[in-house]
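Just so we're on the same page: letters track the sequence lines, and every chain starts at 1. Reckoned from all heavy atoms, side chains included, excluding hydrogens, waters and symmetry mates.
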Amino acid sequence: MFARIWGTRGSYPVARADVLRYGGNTTCVEVRAENRCIILDAGTGMRLLGEALIREPGAPRQLDLLITHTHWDHIIGFPFFAPIYSAGWHLNIYGLSRIQASLRATIANALGDPLFPVGLEDLRAELRFYEIHVGGAFELGPVRVRTAQANHPYRALAYRLESGADTLVFVPDTGPFHTVLFGDEHIEWTGAPGAGNGAEARALAEMRTRVIELAQGADWLLYDAQFTDQEYARFPHWGHSTASQAREIAEAAGVRELLLFHHDPRRSDAELDALVAAQRAAARPGLAVSAAAEGRLLLRGGPQ
Amino acid sequence: MKAQFWGVRGYVPTPGAAFLRYGGNTCCVSLRGANGELLVLDSGTGFCELGAALMAGDFRDGRGELTMLITHTYWDHFLGLPFPGIVHVPGNHLRIYGPDSARGSLEMIYDTMLAPVYSPVSGLAHIAATHSFHPVPAEPFQVSQLTVRGMPLSQHAHSPIWAYRVEEAGRALVYITDARYTDDAIWRETVGFARDARCSSIARPTCVGRRCATMATAGWKTPSNWRWKPGFGGCTFITMRRPAPTTTWTHWWRAAAANSPRAGSASISTPPARGRWWRCSDEPGYASSRSRT
């Protein structure tokens, strides 16, 4: 199994000169195992992946797209993914099952008038939508997939992909597990002390335990590190973590390499270098820390 | 009146080294009037950069005001709106003009875009700055000393598209994107929208359009529809042999990349580059802006 990173940015894509090394496209990661191609999230990086797939001789024509959640930065690459305009491509799309709207309706409503000139019905590839539940596990060819809930507004999924001896864990959007509990459509708890908060605090502790289980022993953990500690104090309600919170989860899970992910759109390459250096200095021995960079190949024993 | 390009790309933002000079952000142009009025044309991801720049001034303290003219609500013209810090500072005021769709008013479309399933903002009610939404008036209207005219480019009920013309002290800037001339009537009307400028002695209107747009010269044929998919809107360069000297081009197709215009267009266009000033108030400004490419 190997993976390629096509998009690392959170919130919105950025096209500035100071983000060239880590990249400005929003989240998208490609995972290959045997002839299976699994795509994690459909941010603008997915456009580049689509162009590469079209050019690749013998590329798999059946693709799996695992969506963590449908906030804009995780779906805006979808209609620019070239294979969906060609017959002969099959795309299985997986996402969180919700009572409010089906996954298909959520994608269909983002496309089409008045927001986009192409509707779902205009696409020529064969699309199938699969709704999955928190904690669900399934197999995609040689890849075993497990899920857990991340602490993010309107809920989001985190994925673990295992094939052979390789494990990649993808947690692009999650807040920390001590101050704010996000639920469907609203914040359930803001960390205010008081009687009756026991259930919320327990729910957060439980969610943290599940995320650490999901990441246990991973070769690569791609984890939300949008904020610095100072920024988090100002924006706890956006559902994103800090680099040090990402490192704490990676340490608790015994991860081999932590890749800081979902970079803040204002964060320059130089600032990311500094964030990485600080986390490397603080990391326990044996934990490698880097920031996810667009174009990087993740392959055990391969180029780093 | 001074114009600055913050996003010139169509469809989807294109980060990367190959797109630095013209820029990879989607549509956004700011206009400053002589009295400091701030007008913003469209809010693609270029608006995120504009917003970051504005945070250095009144907008940081909640005393900022801007008027936004939205041509239509497709992602590449609208999706940047909720991201900059300036829309989350209480006290700032955004007056937003744009077309209502048969599927919902401009305000409803924005609220849907911010729904919990698509955005952590979870709805327009959670945006701290004051927003007011206005349909584009049929008659010209004033933003302080600036005169704004709107013209419906497309009557498609579900996705109406408008063009704008902003005038100040005898100068005009015309902003036309996503034009697809389905019939001669719309073509002639669009030409008139820009050409009237000359007739009324407004010299050298700058047309900012989507790969097609300069209407200031008479005698053109109706451009053919775009090849990939009819209905997307947008025209090709090929039909645009003689643009007016002050025409600038925006809404670059990503494949037309990069740091140089396509061969067929190199001789005719002055593509805008992000962050550069185009002065509409004096002739040397035009000359220098054209010579930079």
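Options B:Ser159, B:Ala52, B:Ala115 differ in how many heavy-atom pairs under 4.5 Å they form with chain A, and the most are formed by B:Ser159. When each of A:Pro114, A:Gly77, A:Gly112 is scored by its heavy-atom pairs under 4.5 Å with chain B, the top score falls to A:Pro114. No other option in B:Thr45, B:Thr26, B:Leu79, B:Thr112 has as many heavy-atom pairs under 4.5 Å with chain A as B:Leu79. Ranked by non-hydrogen atom pairs under 4.5 Å with chain B, the options A:Pro153, A:Ala110, A:Pro265 are led by A:Ala110.
Interface residue B:His156: only side-chain heavy atoms are found under 4.5 Å from chain A. For a residue to count as touching a neighbouring chain, one of its non-hydrogen atoms must lie under 4.5 Å from one of that chain's; by this rule A:Ile75 touches chain B with backbone and side chain alike. For B:Thr73, the parts lying near chain A are the backbone and the side chain together; criterion is any non-hydrogen pair under 4.5 Å. Residue contact with chain B, scored on non-hydrogen atoms closer than 4.5 Å, involves the side chain of A:Thr44 exclusively. Proximity to chain B (any heavy atom under 4.5 Å) is restricted, for A:Arg98, to the side chain, taken from C-beta onward. With a 4.5 Å cut-off on non-hydrogen atoms, A:Leu115 touches chain B through its backbone and its side chain both.
With a 4.5 Å cut-off on side-chain heavy atoms, A:Thr242 and A:Gln245 count as touching.
Pairing each heavy atom of A:Asp122 with each of A:Pro117, the nearest pair is OD2-O, 4.4 Å.
The backbone N or O of A:Asp269 sits nowhere less than 3.5 Å from a side-chain atom of A:Asp18 that would complete a donor-acceptor pair.
Using a 4.0 Å cut-off between a side-chain N of Lys or Arg and a carboxylate O of Asp or Glu, A:Glu231 and A:Arg266 do not qualify as a salt bridge. Here A:Arg21 pairs with A:Asp273 in a salt bridge; the nearest charged N to carboxylate O distance falls below 4.0 Å. Under a 4.0 Å N-O distance rule, the pair A:Asp184/A:Arg155 qualifies as a salt bridge.
Less than 6.0 angstrom separates the ring centroid of A:Tyr12 from the ring centroid of B:Phe83.
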